[in-house]
Structures are given as structure tokens and as C-alpha cells.
2 protein chains.
Amino acid sequence: MKTFKVSEITLNVGQSVYLEGETSDKLYTILEGWAFRYKSMPDGRRQIVNYAYQGDFLGLQNSMTDKSPHGVEALTILRLCVFQKARLPSLFEKQPSLALDLTWLAAREERFLDEGLLSVGRRTAREKVSYLLWYLHTRALEAGLTFDNTLFLPMNQQHFADTLGISLVYVNRTLQRLRSSGCLTLTGRTLVIHDKTRLAELAGIDPKRPERRPII
Amino acid sequence: MKTFKVSEITLNVGQSVYLEGETSDKLYTILEGWAFRYKSMPDGRRQIVNYAYQGDFLGLQNSMTDKSPHGVEALTILRLCVFQKARLPSLFEKQPSLALDLTWLAAREERFLDEGLLSVGRRTAREKVSYLLWYLHTRALEAGLTFDNTLFLPMNQQHFADTLGISLVYVNRTLQRLRSSGCLTLTGRTLVIHDKTRLAELAGIDPKRPERRPII
DNA sequence: CGCGCACTTGACATGCGTCAAATTACGTGG
DNA sequence: CCACGTAATTTGACGCATGTCAAGTGCGCG
């Protein structure tokens, strides 16, 4: 294990863990803070692909020699643990349970991405915004980042727009309408969920197929 | 290895490997044929999340006890190899290279999903359809399923629509316009790419950031 | 020969995008 | 603590890409 860990680094808001198109032979775990993964088009259109926080791995999708197909940027101050990806094979040999953990994490990320695709592809704007807030709240719960249904969100409306595939202006209008529905408050960066069941309804989440409960 | 493999099964077009909401303690590899993974909303809206063919794993995202968050359906006759997921830990111990392979496959799937999110979230209808055809052709190349730029596509326009998050009617109109651009022919289920570079342009794929070349 | 399903096409409706400007919040230096 | 500059949020007016509805058309299969 001592040869696997390389170092610990800290990034500031807006700094990149790695850029789209950059090659990196590193792996990262988040010790503290929020980041987002994104992809973009030649003309600058951007799609945020997922958010990540403590315990999440970054860089697993990158080969060691090719350019990264996505970028990762810090949303808050971000403390990272850095590993050499080349050490992975020997690590898997010495500690097979680590391989299982990584498989589990990858599977979890895939489930998130699948949900994201459903959102972006098939939900209406109202459902999209509802779902995103529901999702962030649910993940924050899982990570112990909420206090009494209140939650600090490090992203702004532009991030929402780029996550959901709608325009900034329409995110704003949709948020207004959600606020007036009464089931949540979002002032500045503070989100309070008053009625999560209602929010799930607005998001078009199937009540008969509940999300998996937080693992631990 | 002999204790890992359970059996081999064959499905017909339209049959399900597993349904959304079903619990399954199995893992599958595709030996032959095409399938698609999908998720849906309570009211029936459907999002196809990815396509899979020979060599791809299915069921990795499912826990052994919870309901599957997505379904998988056969697009062609589908031959599958079935494994017991519970055997994975001991397998990883005996054969750490398998863990690496699975990690690689999971990373590959994540890259596909990221691309899908970019498509659905940020591309226009024309770019979406172009990208999907480009993507299917590229993957088919990688798998040795094309012959002289000609490729059999097992999916219909409804599948395209559900993949791209647009309506069936608009997929059709967009295909018409793509055909008249001259860079492809799509008659029935046969796709011929005449000018792949042009197709990539229409899809808004960054020329400076080429997709990773087929591995092997 | 006829039924069913995939594909087409036209007419019309609308959810969301775009442009532009106003307003508010926020950090920074004086 | 205030003044200022910059970024984030909000609102209005208008346009368009895409959706919806509905009616064909073509074709494979029994």
C-alpha cells in the first residue's frame, strides 16, 4: 500500500484535476470536497456528466496512454489522494478485495450515469430539475452531508443547465415554479427540502421502484 | 473457472435478459448477437442507455439483492454465457487479471455513457442521429462486424428515438435529411457509410480529439 | 389476399432556446 | 463601512427546433 499512494494534493474552486484531452497516469480519491466531471463539444457546449465527492474515484475511465475523454473540475476546495495507475495490477494481486471495491464503485457510477441519461433524454424540464435536486439530496444524505433536510450546494444554475441539457434561463424559470410548489427552498446555495415525496413525484420517480437504500 | 460458469442460454429477438426491477444474482457475457440496456419512467417513456454485443458484460451494475435499475432486451438472437455473481470474490482472488479486465470493461462502458450524455444533452437532432450512426459503425468496426463500410443494424427508428431522446417522427425526418447529405445510405436495416469524416463533422465530433483507437 | 408493423409525410402546437436588459448578490480595495 | 466591479440570478419578448396528432404508404408474413 505504501508504494501505491503517491501524494495528497489540494485544489481550489475552479481548478482542474485533469483537463479533457489531457493524458494522465494517475488515479484520485476524493478526501474532501465536491467536483464535477464534464465533456464538451468543439464549439464550447458543455455537458456535466456527474458530480463526485468524498470516497469517489476519479480517473478510472482514463487509459494510461490516451487522452482523457472528459475533464474534472473542483466545485469547492478539494483534497485528493493521488495514486499511480500503473500500480493497479500488482495491487489487485495483493488485495483482491480492493478489486471488488473498485468494481462496486464503477457499477455505482454506471447506475448514476444511466439515471442521468434517463433524465436528460426523457424527463421534461420540471422533472429534470426536480430529479437533480432529489438526486443531490439523496447522495448528500448517503455521505452524511445534510443537516435536517438542509444542504449546501456548491454548484450554480449554469452547472444545473449543463447537467440537465437545458438552458440557463430555463433552469431559472423552472426553479421559480418549483419554489412556488412549496416543496423546497433554494436561496443562494442552500437547499432545503420540505417534502421529498412530493419532489420525487415531480421528478417522475417511480414510487414502486424505489432507489436502492444507502449502503454502509 | 469451471465452477464460475453456470450455463449457456439463447434468447430470441425481443426477449429480456432481465427486466427493470427484477433481481438477479447472475452475470452474463454476450457470445453472439446484439442487445440493448434501457430504463423507463412510470408512464412508459423509455430511454435506451447503451447497446451491447459479443464480449460485453451484462448485470455488473446489479447488486445481488436489490432490484435491477435497468432492463436488457435482445435485438437479435442472443447467445449468452451465464455466471453466478457470488463467485466473483473468489474468482478475483484466483485470477487478479480478470479483475483488471472487468475494471477495463467498466471504464469503457462509462466512456460510452459519458458520450451518450453529451449527445442527448447537448447535440442537436442532426448531430444526435449522425453521432449514433457514427458510433454504431465505429463499434461494429472494432468488433469486426462490418464489411466494406456496410453494416447490419438490428434496431429500428423507435430504438434510435429512445436512444437519442427525440421523437420517432423527428428521427425519421432527420434521417431523410442525412440521407440527402449523401454521406450515408440507410435502407431497411443496412447502413452504408460513404464519407465517415463528413459524418463525424455532422455529429460535431472534435477532429482534434479523436476517439481512442480500437484496442487489441 | 389481408393483416400488422415499420416507415413517411403533412399540419399544427409548444416547450424550450435565444437575446437583451434589469436586478441582485458578492468580493475587493479604499 | 462604503464604493465599485464583476458574476449570478431574474424577467420579458420573441423565435424555432422538436413534439404531437393523424393519415397515409409500403412491405413481410401467414
Side-chain angles (χ1 to χ4, degrees), chain A residues 12-14 36 41 43-48 73-77 119-133 152-180 184-191 202-204, chain B residues 12-14 36 41 43-48 73 75-76 119-133 152-180 184-191 202-204:
Chain A
N12 244 312
V13 180
F36 66 92
M41 307 263 305
D43 64 0
R45 280 172 282 176
R46 181 177 73 167
Q47 176 69 34
I48 293 182
E73 191 179 310
L75 272 173
T76 63
I77 287 190
S119 251
V120 174
R122 286 310 189 195
R123 286 192 229 257
T124 66
R126 204 197 51 187
E127 291 168 333
K128 286 180 185 187
V129 176
S130 304
Y131 178 78
L132 181 56
L133 296 177
F152 172 78
L153 289 183
M155 59 288 281
N156 61 28
Q157 297 184 6
Q158 184 65 62
H159 291 114
F160 288 168
D162 288 345
T163 307
L164 299 172
I166 55 187
S167 72
L168 168 63
V169 174
Y170 208 67
V171 165
N172 187 283
R173 289 190 217 282
T174 307
L175 273 174
Q176 307 298 346
R177 274 181 277 143
L178 270 187
R179 279 191 258 252
S180 69
L184 61 86
T185 312
L186 179 60
T187 46
R189 311 246 141 141
T190 305
L191 172 67
L202 289 172
Chain B
N12 244 312
V13 181
F36 66 92
M41 307 263 305
D43 64 2
R45 280 172 283 176
R46 182 177 73 168
Q47 177 68 35
I48 293 181
E73 190 180 310
L75 272 172
T76 62
S119 251
V120 173
R122 286 311 187 193
R123 286 192 230 258
T124 66
R126 204 198 52 187
E127 291 169 334
K128 286 180 185 186
V129 176
S130 305
Y131 178 77
L132 180 55
L133 296 177
F152 171 79
L153 289 183
M155 59 289 280
N156 61 28
Q157 296 185 6
Q158 183 65 64
H159 292 113
F160 288 168
D162 288 344
T163 307
L164 298 171
I166 55 186
S167 72
L168 169 61
V169 173
Y170 208 66
V171 165
N172 187 285
R173 290 190 217 281
T174 307
L175 273 174
Q176 308 297 347
R177 273 182 276 145
L178 269 188
R179 280 190 258 253
S180 69
L184 60 86
T185 312
L186 179 59
T187 45
R189 311 247 142 140
T190 306
L191 173 67
L202 289 172

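A, B, ... follow the sequence lines: proteins, then strands. Residue 1 opens every chain.
- Rounded to whole Å, the distance from CG on Asp162(A) to P on dG17(C) is 11 Å.
- Here dA7(D) presents its P atom at 14 Å from NE2 of His159(A), a figure rounded to the nearest Å.
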Please list, pair by pair, any protein nitrogen or oxygen found under 3.5 Å from a nitrogen or oxygen in nucleotides 23-25 of chain D.
none

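- Protein atom CZ of Arg189(B) is 10 Å distant from nucleotide atom C1' of dC7(C), rounded to whole Å.
- Nucleotide dA6(C) holds its C1' atom 15 Å from the CG atom of Leu153(B), rounded to whole Å.
- The salt bridge (Lys or Arg N to Asp or Glu O under 4.0 Å) search around Arg173(B) returns none, not counting sequence neighbours.
- Partners of Val171(B) under the side-chain contact (heavy atoms from CB on, under 4.5 Å) rule, at least two apart in sequence or in another chain, are Gln157(B), Phe160(B), Ala161(B), Ile166(B), Leu175(B).
- In this structure Thr185(A) satisfies the side chain to side chain donor-acceptor pair (under 3.5 Å) test together with His194(A), sequence neighbours excluded.
- Remark: Glu127(A) engages Arg45(B) in a salt bridge (Lys or Arg N to Asp or Glu O under 4.0 Å) (not counting sequence neighbours).
- Within the structure, a side-chain polar atom (N or O) of Arg179(A) is placed less than 4.0 Å from OP1 or OP2 of dT10(D).
- Distance Met155(B) CE to dC7(C) C1': 17 Å, rounded to the nearest Å.
- Using a distance-only test at 3.5 Å, with no hydrogens or angles considered, a donor-acceptor pair links the side chain of Arg179(B) to the main chain of Leu186(B).
- A search for side chain to side chain donor-acceptor pair (under 3.5 Å) contacts involving Ser130(B) returns nothing, not counting sequence neighbours.
- Checked against ring pair (Phe, Tyr, Trp, His ring centres under 6.0 Å), Tyr170(A) has no partners two or more places apart in sequence or in another chain.
- Take Arg46(A) and apply the salt bridge (Lys or Arg N to Asp or Glu O under 4.0 Å) test, not counting sequence neighbours, and it matches Asp162(A).
- Note: CG (Leu191(B)) to C1' (dC7(C)) measures 17 Å, nearest angstrom.
- Contacts between residues 163-176 of chain B and DNA chain C, defined by a heavy-atom separation below 4.0 Å, involve Val169(B), Asn172(B), Arg173(B), Gln176(B), listed by number.
- Scanning both residues, Gln47(A) and Thr163(A), for their nearest heavy atoms gives NE2-O, 2.9 Å.
- Two end axes, each from the C1' atoms of five base pairs, can be drawn for the helix from dC1(C)-dG30(D) to dG30(C)-dC1(D); they diverge by 50°, to 10 degrees.
- Contact record, Leu75(B) with Val13(B): O-CG1, 3.7 Å, taken as the closest heavy-atom pair.
- Asn156(A) places its CG atom 13 Å from the P atom of dC26(C), with the value rounded to the nearest Å.
- A donor-acceptor pair under 3.5 Å links the side-chain atoms of Arg123(A) to the main chain of Ala203(A), judged by distance alone.
- In this model, the phosphate group of dT10(D) is approached by a side-chain N or O of Gln157(A) to a distance below 4.0 Å at OP1 or OP2.
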